[in-house]
Amino acid sequence: MSDVQNYLSPHRLDDAVKAMAGGDTTVLCGGTDLSPQTDSGLREYAGTLMNIRRIEGLSGIDLIDGQIRIGALVTVTGIGNSQLLDELAPVLVEAADQFASDQIRNAASLGGNICNASPAGDMIIPLLVLDAVVELSSWRQGTVHTRQVSLDEFFTAPGKTVRQENELLTAVIFDQPAESFVAHFRKSGPRPALEIATVSVGIGGRLENGSLSGVRVAMGAVAPTPLRARSVEATLEGKTLDAETIRAAAVDAGEQATPIDDVRASAWYRRHLVCVFTEEVLNDVLEN
Amino acid sequence: MNRKSSDTPIEKTTLIGKRVRKPDAPDKATGKTRYINDMVLPQMLIGKILHAGRPHAEIVSIDVSAAEKLPGVHCVLTGKDAEGLRFGFVRDNVALKNRVRCEHDEIAAVAAETEEIADRAMALITVEYRDLPGVFTPEDGREKDAPQIHDDFPDNKSLHFEFRHGDLAAAEAASEIIVDNVFRVHHVTHCCMGTSCAIADFDSNGKLTIWSQTQYPYNYKMDLAPALGMHPGDIRVMQPPVGGAFGSKLDVYPYEPIAALLAKKTGRPVKVMFSREEEFRSSPTRQPAVIHMRTGCTRNGTLTFRSADVLLDNGAYTSWGPTIPVVMMRTTTGHYRVPVVHFNAQAIYTNNPYAGSFRGYGNVQTTYATAQQMDMLAEQLDMDPIDFHLKNAQQSGETTPQQAFLRECALDECLRTAAQASDYSAKHRRYTLAREQQGRYKKGIGLASSIHNAGGAKIHKSDGCGTILKVDDYARVTVITGASEIGQGIDAVINLIVAEELGIPLEHVTIVNDDSDIAPWDVGVHASRTTFIAGNGARRAAVKARQQILNAAARMTEIAAQDLDLRGGFVVREDCGTKVIKLEKLLRRMHFQPEPELVMVTDYYEPNSEPEGADHRSDHSAAYSHAVHVAEITVDTHTGEIRVDRITSAQDVGRVINRMGLEGQIEGGIAIGLGYALSEEMQLEKGMLKNPCFRDYKVLTAPEMPELDLHFIESNCAEGPYGAKGASELPTIVIAPAIANAVYNATGIRFFNPPLTPEKVARAIWDRQQTETGPSADR
Amino acid sequence: MSLKTEISFRLNGRAVSVTIPVTMKTLTMLREVLGMTGTKYACGEGECGACTIRLDGRTVNSCLMYAVDCDGRELVTIEGLKTENALHPMQQSFVDHGAIQCGFCMPGMIMQADYLAQNNPELSCEDLRRGLEGNVCRCTGYTKVLDAVTAVVEARR
C-alpha cells in the first residue's frame with residue numbers, strides 16, 4: 001500500500017544526490033530500521049525509494065591525513081571486523097559487538113543507524129566520544145556539495161536531525177585519537193545484546209598519569225537525543241581518576257540524565273544505571 | 001566365521017531409555033515440513049480480523065459498506081453475523097462482538113483475494129465506539145459499584161472453587177510459626193514461534209474441514225460447534241505441523257470460528273493467520289492471580305496447615321484460565337504433607353486479555369507461593385531447608401487431603417539427589433553469611449520442589465486415548481493414534497514403544513494422527529499426560545499385535561508362543577535368539593493362507609483414575625510426580641541483573657522412555673519457567689498491551705540459558721508404560737520459586753511479584769539501602 | 001497498486017528473475033512469490049531470527065531486507081543447504097542431537113549456526129551463545145541446539 005512512484009538504485013553518488021534534489025525521497029540501505037518503521041505505520045514512504053547500497057565509494061574505512069573516515073554504507077559487522085578501528089578507535093568495535101544481533105549487524109549500516117536518530121542509537125554514543133562529524137552531500141549548482149556537521153549538533157529530537165531532505169549522509173569522520181586516548185562503552189538490557197539500550201554510557205579521553213583530559217562523555221536513551229554530558233566532562237577534566245572523582249562523575253551523570261518512563265525502564269532505573277555505568281566505564285578506562 | 005550371518009542369533013535388547021530421534025526432524029531441519037502457516041489451498045482467501053483496540057466500549061455504529069465494495073473483497077462480517085452463537089467454557093464469548101470487553105475483541109472480519117486487499121478493506125471499516133469505564137484488576141472488579149462486564153455474570157463473578165479439609169482454627173492455634181504473604185503473579189503469554197493460524201473450508205454437504213493448530217482435536221469439535229451453530233459431528237479437524245502450542249491451543253479462540261464463518265459465507269477456503277503483534281495482543285495468557293497464602297508449622301518443623309485465598313483476574317471471557325484452581329488446590333493440598341488445608345478461589349471478570357491454559361496450568365502460580373513459604377519457614381525455624389523439606393516430604397503410599405494416592409512417591413530421593421549434586425546445604429549457609437559482606441556481586445542458591453499429576457488428570461468425563469495399529473505385508477507398522485503431536489515428541493515415543501514390542505526398526509513405524517476423521521478419540525495434549533496415556537495405548541495395541549503374530553508363528557512352527565520373541569525383524573526363539581522366520585514372511589503367510597488374517601488391532605486405554613468431581617476429593621490422576629530444582633545465581637546488586645549460573649534438577653520421571661526427548665522437554669520447560677521468573681511480562685496499562693513484540697517482551701535467548709544438571713529419578717510407576725510418568729510441566733513449575741529463593745539467599749530480599757527484572761531487583765536493593773542508611777545525598 | 005520492478009539473483013545456486021513490488025521484503029518474496037516456505041515468518045521485525053537466510057555469505061533477517069536489494073546477489077535459504085543425497089552436516093547434527101521439537105525456528109537457527117561455524121573455526125561456547133542471540137526458540141531451551149553446533153565445530157577441527 002505504499003505510494004512509491006519511483007525506485008532507484010544508483011551506483012554513483014552524483015546520481016544519488018541529483019535524484020534527492022527535489023526531496024521526497026526515502027533512502028534505503030540495510031532496511032533494518034526502515035522496514036519495521038514503515039510496516040508499523042510509524043513512517044511513510046516518499047515518492048521515490050532510493051536504494052543507496054550500490055553507490056561506489058561509501059563502503060570504506062580509511063585513515064586519511066590523521067582523520068578516520070567511515071563510509072555511510074559500512075555495516076556494523078564491517079566496523080566490528082575492522083582492524084584499523086580495532087587499533088585506532090576500539091570503542092567503536094566494542095559498541096559494534098554489542099549492537100543487536102549478528103543478522104542485524106550484517107545488514108545495518110552506520111549511516112542508517114545515525115540517520116535513524118534514536119536516542120538509544122548504539123553507534124552514536126561511541127562516535128560522540130570520538131567527537132565525530134558527519135558528512136552530508138547534496139546536489140548544488142551542478143556538482144556534489146558536501147558540508148560537515150558535528151555529530152553533537154546533528155540530532156534535534158527522537159528520529160529528527162538537521163539533515164535536509166536533499167542531503168545524503170555519506171560518511172562519518174573523526175580525528176585519529178591520540179596515543180593516550182582511552183574510551184569505553186557500556187549498555188544494558190535484560191537480553192544482553194538484542195536490546196534497544198535501556199541506557200548506554202560512553203566515556204573517552206587522554207589518560208595520562210591516572211588523570212583524564214580532553215574528556216568526552218556521551219549517554220544514550222536518557223534524553224530525547226543522544227547526549228553529550230558536558231558537566232560530567234568538566235567534573236572529570238584534568239582530575240586524577242580516584243574513587244572520589246569517579247563517584248562525583250557518576251552522581252553528576254545521573255543528574256544530567258533526563259530520562260523518561262517507558263515500557264523498557266522507568267526514569268528512576270535509567271538514571272540509576274547511568275550512575276552505575278559511569279562508574280564502571282571510568283574504572284574500565286582507568287584499568288586500560 | 002563360517003556361519004552365515006542369517007543364522008546369527010539375535011540377542012534381546014531394549015530401546016527403553018535410549019536416545020531416539022524425532023521422525024519428523026529431518027524434514028523440519030531442511031525446511032521441507034509444511035506447517036499450517038505455510039499452507040495454501042486452491043481458491044483460498046485471506047481472512048483478517050478488525051480488533052477493537054480499546055478495553056471496554058459500546059459499539060454505536062459500524063459501517064462496512066466501503067470495505068465490501070473494494071474489488072477483491074469477498075465478504076465482511078460483523079457482530080450481527082455471529083449473534084447468538086455463544087461459545088466458551090461458560091458460553092460468555094462470541095466470535096464477532098457487538099460490544100467491546102477487551103482490547104483484542106473481534107469486531108469485524110474480512111475475506112479477500114490477497115492480504116494486501118484485506119488490509120485495505122480493514123482500513124475502510126468505520127466504527128464509532130462509546131468508551132465505558134473499565135475494570136483492570138480483580139480487586140476493582142469486585143467493588144460494589146464496579147462497571148459490569150457481562151450482564152449475566154453479576155458482580156463480575158466468574159468461576160469459584162473451594163476445598164476445606166480439617167479444622168483451620170485449631171491448626172492455626174497449634175502452629176508456633178505462621179508465614180502469611182500475598183503473592184501477585186503476572187500475565188505472560190506462550191509466544192509460539194508459529195503464529196496462530198486456521199484454515200476453514202466447507203464442502204457442498206455442509207461439512208466443515210478445519211486445519212487447526214489445536215492440541216485437543218476431539219473436544220475441539222464440541223467447543224467449536226456452538227460458535228458456528230453446527231453439530232460437532234459435521235466438523236473434521238486436520239492437524240498439520242504447528243510451531244509450538246504449550247497449552248495455548250487447548251481451547252477454541254475467536255479467530256477459528258471467524259475463519260469458518262468467512263469460509264461458509266464465501267464458499268471458499270479461508271486462512272486466518274496472526275501477525276506477531278496480533279499474536280501478543282490476541283492470544284491467551286497465563287492466568288494472573290493474587291494469592292494470599294498462609295502456612296504454619298510447629299517449632300520442631302512439622303507442617304500444620306496451609307490456606308490459600310486466591311483472586312484470579314479472569315479477563316474478559318472465560319477460557320481455561322479461570323479453571324486453574326483445580327490444579328492450584330492440588331498443589332496447596334499436596335505439596336508436602338499438610339494435614340489441614342483451606343482453599344478458596346474466585347475469578348473476577350476484568351477488561352484485560354483473558355487467560356487460557358499454559359504449560360504448568362495453575363501450578364506455576366501456586367508453587368511460586370508454596371515453595372517460597374517453605375523456604376521462609378525453614379529460615380524462621382533456623383533449620384537447613386533441606387531437612388525441613390525432608391521432614392515434611394510424603395512417602396510412597398500416602399494419600400493427600402484431596403485423596404490423591406501417591407503410590408510411588410520419590411520426593412525424598414529427588415530432594416536428596418538435587419541437594420547433594422549441587423552441594424546445596426553448604427552453599428546455602430555460605431551465601432547467607434556472605435550476604436552481609438561488602439561486594440557488588442552476590443551469589444545465591446535456592447531450592448524448590450513441587451508435585452504434579454503425572455498420569456493424566458480426569459477433568460473431563462474421559463481421560464482416555466484410542467489407538468489403531470496395523471501391520472502390513474512388509475512388516476511396516478502404522479499407528480493411528482488420537483494423541484496430537486505439537487513438537488513435544490509423542491511421535492518418537494510411540495515409534496520407540498511399538499518398535500520395542502514388535503522387534504522392528506524405528507523407521508518402520510509410521511504415525512497417523514492429523515485427521516479427526518481417521519484417528520480415534522483422545523482428550524488432548526495437556527496435563528503431562530501424553531506419554532503416559534497414549535504411550536500406554538500404543539503399548540497395549542502393540543502387545544495385542546505381537547500376541548497375534550506370535551500365535552500365528554506358533555501355529556506354523558509348532559513352537560509355543562511363549563517360547564517365541566520378535567527381534568530385529570524376525571520371529572526368534574525366546575531363550576537363544578535363534579531365528580525362526582522373517583517377520584514379513586510370516587505376515588504374508590498369515591495374510592495369504594486359506595484362512596487369511598491381517599494384523600490390525602485396536603485399543604482404548606482409559607486410566608484407572610477417578611473423575612475430579614465437585615467435591616475435589618478424588619484420585620484424579622493415575623500417577624503423581626515430584627521435581628526438585630536447585631538454582632545457583634549471581635546478582636549484580638548495582639544493576640539488579642540476575643545471572644543464572646546453574647540449575648540442578650531431580651525429577652521423578654517414573655522411567656525414562658526416550659532419553660533425548662525427555663531431556664528436551666525438561667530443558668525447554670525450564671527455559672519457559674526461567675522467562676516467567678526473570679524477564680517475561682505482558683505490560684498492561686488499562687487493559688492495553690504496551691509491549692506486543694519480542695523486542696520488549698523478553699523471552700530467553702541462548703546466552704541467558706544456564707548450565708543444566710539433570711537427574712532422572714526412576715520410581716517405576718506401576719500404571720505407566722514401562723513404568724514411565726508424565727514429565728513435561730514440572731520443569732516449568734518449579735524453577736521460578738527456586739530462583740526467588742536463590743535471590744533471597746543472595747540478597748535477603750523476598751520477591752512476591754515476578755518477574756524478577758533487573759529494575760525490580762535494583763530498586764528493592766536501593767530501597768533497602770535507603771531505609772538502612774537513611775536518604776543519602778548521592779543518587 | 002505498488003510500483004513493481006524486476007530483479008535477478010541467484011537462489012540456492014540457481015538463477016532467478018522475478019518481478020516484485022519495490023517495498024516487498026525478501027521473506028515475503030521467498031514464501032509467497034517463489035513458494036520457498038522453509039524460511040519462516042515469526043515476528044517480521046528482526047527480533048527472532050526465524051527468517052534468517054544467507055546473503056552474499058552473511059546471514060541477515062529476510063523479514064527486514066527489501067527484496068529489491070537481492071538484485072545481483074547470492075541467496076542461500078534452508079532449502080539450499082541439503083545436497084541431493086544427504087542432509088547438510090549442521091542439519092544432521094540438529095536431528096541427531098534432538099535439537100528439534102516443533103522446529104519452527106530451526107530453519108533460521110540452522111542457517112545462523114552454520115554461518116557461525118563456517119565463519120569461525122575456533123568458535124567458543126561463548127561465541128556460539130552470543131552468535132545465536134538473535135534466534136528465539138520457545139521449545140528447546142537452546143541446550144541441545146548448542147550441543148548440535150558444538151559437535152559440528154569439533155568434528156571440523
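- Heavy atoms of A:D33 lying under 4.5 Å from chain C are absent altogether.
- Here the side chain of C:D71 pairs a donor or acceptor atom with the backbone of C:S8 at under 3.5 angstrom.
- Only the side chain of C:T52 comes within less than 4.5 Å of a heavy atom of chain A; its backbone N, CA, C and O stay farther away.
- A cation-pi contact links C:K25 to C:Y66, judged by a cut-off of 6.0 Å to the six-membered ring centre and 45° from its axis.
- The main-chain N or O of C:M90 is found under 3.5 Å from a side-chain atom of C:H88 such that the two form a donor-acceptor pair.
- Only the side chain of A:T77 comes within contact range of chain C, judged by heavy atoms closer than 4.5 Å.
- No part of C:R129 comes within reach of chain A, as not one of its non-hydrogen atoms sits under 4.5 angstrom from that chain.
- Contacts with chain C were tallied for A:T26, A:T75, A:N51; A:N51 has the most, counting heavy-atom pairs under 4.5 Å.
- Looking only at heavy-atom pairs under 4.5 Å with chain A, the residue among C:I53, C:V68, C:L55, C:L132 that has the most is C:V68.
- For C:L116, the part sitting under 4.5 Å from any heavy atom of chain A is the side chain, from C-beta outward, and nothing else.
- Taking A:E94 as the reference, A:V91, A:Q98, A:H184, A:F185 meet the side-chain contact (heavy atoms from CB on, under 4.5 Å) condition, with sequence neighbours excluded.
- A:R54 contributes a side-chain N or O that, together with a main-chain N or O of C:D69, makes up a donor-acceptor pair within less than 3.5 Å.
- In this structure, CG in A:L168 is found 5.0 Å from CD1 in A:I52, a value given to the nearest 0.5 Å.
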